[in-house]
Amino acid sequence: MEKETELILESLSQEEKEFYRGKRVLVVGGAGFIGSWLSESLHAMGARVTCLDNMSTGSRRNLENLLGKEGFELIEADVTKTEIGDYDIAFHGAAMPAPDMYMERPVEAMLPDSIGLLRVLEGVKGRVVFLSSSEVYGEPEVVPTPESYPGKVDPIGPRSPYEESKRFGEALAMSFFRERGKDVRIARIFNTYGPRLDPGSPYARVVTRFVERALSGKPLEIHGDGLQTRSFAFVSDTVAGLIKLGACSDCAGEAFNIGGEEEVTVLELAAIVMELTGSRVPIVHTPPRPGDPRRRRPDISKAKRRLGWRPRVSLREGILMTIEWYRRMGYG
Ligand SMILES: NC(=O)c1ccc[n+]([C@@H]2O[C@H](COP(=O)([O-])OP(=O)(O)OC[C@H]3O[C@@H](n4cnc5c(N)ncnc54)[C@H](O)[C@@H]3O)[C@@H](O)[C@H]2O)c1
């Protein structure tokens with residue numbers, strides 16, 4: 001079993017693990033970064049896992065520990081164009097989360113969390129966990145940001161295809177909850193990094209991009225002055241939070257922040273990556289990205305109190321595990 005899956009299972013109670021045993025679980029976007037770790041952990045707990053993925057950013061390689069195993073099935077299809085069958089629980093994580101990608105193809109980016117989620121909510125009779133994002137808060141005026149903060153988002157700004165489709169997805173899920181009594185839960189995920197976030201892709205996010213470039217001896221590119229902050233969560237922590245939310249007995253119709261509390265500037269992150277890779281590469285500043293929030297940090301007191309969840313992997317530990325994985329993949 002992979003170290004990340006072990007860490008996820010260690011964070012769960014016996015009751016939470018029992019909850020998934022034998023359940024039919026659908027993971028939409030299951031061949032992606034978060035989705036593949038989620039699928040692997042659910043399968044390890046004895047769930048019967050179906051991944052539905054159109055492989056736009058996901059890959060079969062992410063599922064290599066699962067393909068061909070009893071109790072695992074992969075459906076290669078577009079969630080916006082597929083009839084969804086019945087499952088005990090569905091995690092909906094199909095999306096186009098990388099800014100460069102959704103700014104280039106904004107129309108396509110709007111569909112998985114609107115039309116796709118609608119199909120999941122209509123098809124699945126059981127519980128639906130929607131993988132939303134800290135982006136619903138836009139440029140928050142309250143940091144650390146609690147779930148009660150309604151967000152400050154420009155509906156016609158360049159980030160709106162992602163931000164607004166997540167906001168629409170949340171509103172759609174809550175409408176099913178209020179009108180039809182559907183059991184829905186919303187996870188507002190903050191920046192997550194770790195193994196399987198494709199380093200070769202131009203869309204890899206900041207931690208992975210820095211690690212890959214430091215290992216390959218290339219300069220680290222920082223958008224703007226680098227004083228913008230982010231709080232990163234290692235993927236095992238984020239996935240443990242999602243699994244706990246799915247198993248929670250009284251969380252229907254609610255949103256939970258899932259993210260790291262260690263807030264660092266992008267410049268500080270660059271320094272940590274250089275120190276841990278032992279590589280001295282130059283830093284190059286590029287123009288700031290339009291609408292990039294200055295600060296991003298979740299208030300996770302609700303998830304701590306209600307789900308018994310907290311991040312367990314420090315930024316340094318997580319970056320070290322990420323570096324190890326990239327080295328195994330042949331970088332540096
Ligand atoms: N990684 C993060 O930092 C982060 C932060 C906030 C929210 N999220 C959310 O978590 C979820 C997973 O993100 P990720 O980081 O693993 O990204 P990812 O790109 O690796 O995963 C998304 C998956 O969805 C699939 N997909 C996209 N459109 C699809 C469609 N129309 N039909 C079927 N499959 C489709 C992709 O092929 C991919 O496998 C997303 O909903 C994302 O918005 C992630």
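Order of appearance sets the numbers: ligands from 1, and atoms from 1 within every ligand. Note that the coordinates shown come from a computational prediction; the quantities given were computed from them, not determined experimentally.
For the pair Lys182 and Phe177, the cation does not sit on the ring face, since its NZ or CZ is not both under 6.0 Å from the ring centre and inside 45° of the axis. In this structure, Lys23 forms a cation-pi arrangement with Phe19, its terminal cationic atom sitting closer than 6.0 Å to the ring centre and no more than 45° off the ring axis. Figure legend: cation-pi geometry between Arg230 and Phe232 absent, as NZ or CZ is not positioned both under 6.0 Å from the six-membered ring centre and within 45° of its axis. Trp37 carries Arg196 over the face of its six-membered ring, with the cationic atom under 6.0 Å from the centre and within 45° of the normal.
Residue contacts with ligand 1 do not include Tyr193, since none of its heavy atoms lies under 4.0 Å from the ligand. Within the 4.0 Å heavy-atom shell around ligand 1 one finds Ser56.
With a 4.0 Å heavy-atom cut-off, ligand 1 is reached by no atom of Ala98. Neither the backbone nor the side chain of Ser134 comes within 4.0 Å of ligand 1, counting heavy atoms alone.
Applying the 4.0 Å criterion to heavy atoms of Met55 picks out, from ligand 1, the atoms 37 (O). Residue Asp78 has at least one heavy-atom neighbour below 4.0 Å for each of these atoms of ligand 1: 30 (C), 31 (N), 32 (N). The ligand atoms of ligand 1 that sit less than 4.0 angstrom from a heavy atom of Gly29 are 23 (C), 24 (O), 25 (C), 39 (O). If you number the atoms of ligand 1 from 1 as listed, the ones under 4.0 Å from a heavy atom of Ala31 come out as 39 (O). Below 4.0 Å from some heavy atom of Gly58 lie the following atoms of ligand 1, by number and element: 36 (C), 37 (O), 38 (C), 39 (O).
Summary of contacts: the protein heavy atom closest to atom 12 (C) of ligand 1 is Gly93 O, 3.5 Å. Nearest to atom 20 (O) of ligand 1 among the protein's heavy atoms is Phe33 N, 2.8 Å.
The aromatic rings of His43 and Phe72 lie perpendicular to each other, with more than 60° between the two planes, well past the 30° mark.
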